[in-house]
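Everything on this sheet refers to the single structure shown next.
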Amino acid sequence: MKTKYLFFIAVLLMACNTDYTPKPKAFIKLDFPEKVYEKLNVDCPFIFEFPVYSNLLKKENSCSMDLTFPMQNGVLYISYFPLDDNLMSHTQQSRKLAYKHNVIAEGIREQLYINDSLNVYGVLFDYEGMTATAAQFYLTDSVNHFFRGALYFNKEVSDSILPINLFLKYDIKHLIETFYWKDK
């Protein structure tokens, strides 16, 4: 009987000799659509190119709209305001909304956009860290028009959606670079 127990203990001790290697943390594989754009075709005083893999939802009786990215689970909220000698008010409000996330963000970079030939001027607010918004921007001609956008995801921004965040930021930059006023 004693030998049975010794044999059993010996087998248990020998079974525990295998090396264990933990699996490294990994992100899910993401397949992004090809970057293809189309021109905006709505009755508003501006034109820009937006991705074909997004859906444009224009709000009734205004030039405000939502550009949804169903596969990326995000929305670019777009607002348009005609200026009535209130440019400073709109830029301050946009800056205030952008820096509302300063408490959580690790950093906010401001990128200035100036296109004198098209009369388009603006600022892109690019966030680093875990914030509710991934990017915000505004564009204006400084006299008649003010255009604002804010990209939000339908879930918490984390390292796991960083590739999606970078993918959509490229689309926002493309929107800004192809933007122009119709009355120019």
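Note that the structure is a prediction, hence the values are computed from the model and not measured.
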Would you say [X] and [Y] make side-chain contact, with heavy atoms under 4.5 Å?
X: Tyr138; Y: Phe125; result: yes
X: Thr91; Y: Met88; result: yes
X: Leu175; Y: Phe147; result: yes
X: Leu168; Y: Ile172; result: no

When Tyr121 is tested against each of Asp141, Asn115, Asp116 for side chain to side chain donor-acceptor pair (under 3.5 Å), which residue passes?
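Testing each of Asp141, Asn115, Asp116 against Tyr121, the sole residue satisfying side chain to side chain donor-acceptor pair (under 3.5 Å) is Asp116.
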
Using atom types as modelled, flag every donor-acceptor pair under 3.5 Å from a side chain in residues 57-64 to any protein atom, sequence neighbours excluded.
residue: Lys58; atom: NZ; partner: Ser62; partner atom: O; Å: 2.5
residue: Lys59; atom: NZ; partner: Asp66; partner atom: OD1; Å: 3.3
residue: Ser62; atom: OG; partner: Ser64; partner atom: N; Å: 3.2

Please evaluate residues Tyr53 and Phe167 with respect to the criterion ring-ring contact (aromatic ring centres under 6.0 Å, His included), reporting the C-alpha separation (whole Å), side-chain torsions for both, the decisive distance (0.1 Å), and the verdict.
CA-CA 12 Å; Tyr53 45 84; Phe167 180 78; 5.5 Å; yes

With hydrophobic residues grouped by side-chain heavy-atom distances under 4.5 Å, do Tyr180 and Val42 end up in a single group?
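Linked, Tyr180 and Val42 end up in one cluster.
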
ILVMFWY network linking Leu112 to Phe146, side-chain heavy atoms under 4.5 angstrom
yes

Measuring from [X]:[atom1] to [Y]:[atom2], what's the distance to the nearest 0.5 Å?
X: Leu67; Y: Phe50; atom1: CG; atom2: CZ; answer: 6.5 Å
X: Asn165; Y: Leu151; atom1: CG; atom2: CG; answer: 6.5 Å
X: Leu87; Y: Asn144; atom1: CG; atom2: CG; answer: 10.5 Å
X: Arg148; Y: His90; atom1: CZ; atom2: NE2; answer: 11.0 Å

Restricting to non-hydrogen atoms, name the atom on [X] and the atom on [Y] that form the minimum distance, rounded to 0.1 Å.
X: Trp181; Y: Val120; result: NE1-CG2, 3.6 Å
X: Gln136; Y: Ala150; result: CG-CB, 3.6 Å
X: Tyr37; Y: Pro51; result: CD2-N, 3.5 Å

Excluding sequence neighbours, so at least two apart, what forms side chain to side chain donor-acceptor pair (under 3.5 Å) with Asn55?
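Testing Asn55 for side chain to side chain donor-acceptor pair (under 3.5 Å), a comparison that skips the adjacent residues, returns none.
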
Holding to side chain to side chain donor-acceptor pair (under 3.5 Å), I want the full list of residues that pass it with Thr68, two or more places apart in sequence or in another chain.
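Partners of Thr68 under the side chain to side chain donor-acceptor pair (under 3.5 Å) test: none.
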
Can I get a per-line list of side-chain donor-acceptor pairs under 3.5 Å for residues 70-84, giving both atom names and the distance, sequence neighbours left out?
residue: Asn73; atom: OD1; partner: Asn154; partner atom: ND2; Å: 2.9
residue: Tyr80; atom: OH; partner: His145; partner atom: ND1; Å: 2.5

side-chain contact (heavy atoms from CB on, under 4.5 Å), that's the test. Do Phe46 and Leu139 meet it? Break it down for me.
CA-CA 11 Å; Phe46 51 82; Leu139 301 170; over 6 Å; no

Ring-ring centroid check Phe179 Phe137, cutoff 6.0 Å
no

Considering residues, nucleotides and ligands other than Tyr170, do more than 12 of their heavy atoms fall under 6.0 Å from its OH?
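Count not over threshold, so no.
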
With Thr178 via side chain to side chain contact (heavy atoms under 4.5 Å, CB included) - residues at least two apart:
Phe48, Glu49, His174

Flag, side chain of Lys182 to backbone of Ile47, donor-acceptor distance under 3.5 Å:
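Looks like no, no N/O pair under 3.5 Å.
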
What residue pairs, at least two apart or across chains, pass salt bridge (Lys or Arg N to Asp or Glu O under 4.0 Å) with a residue in residues 33-43?
Lys35-Asp171

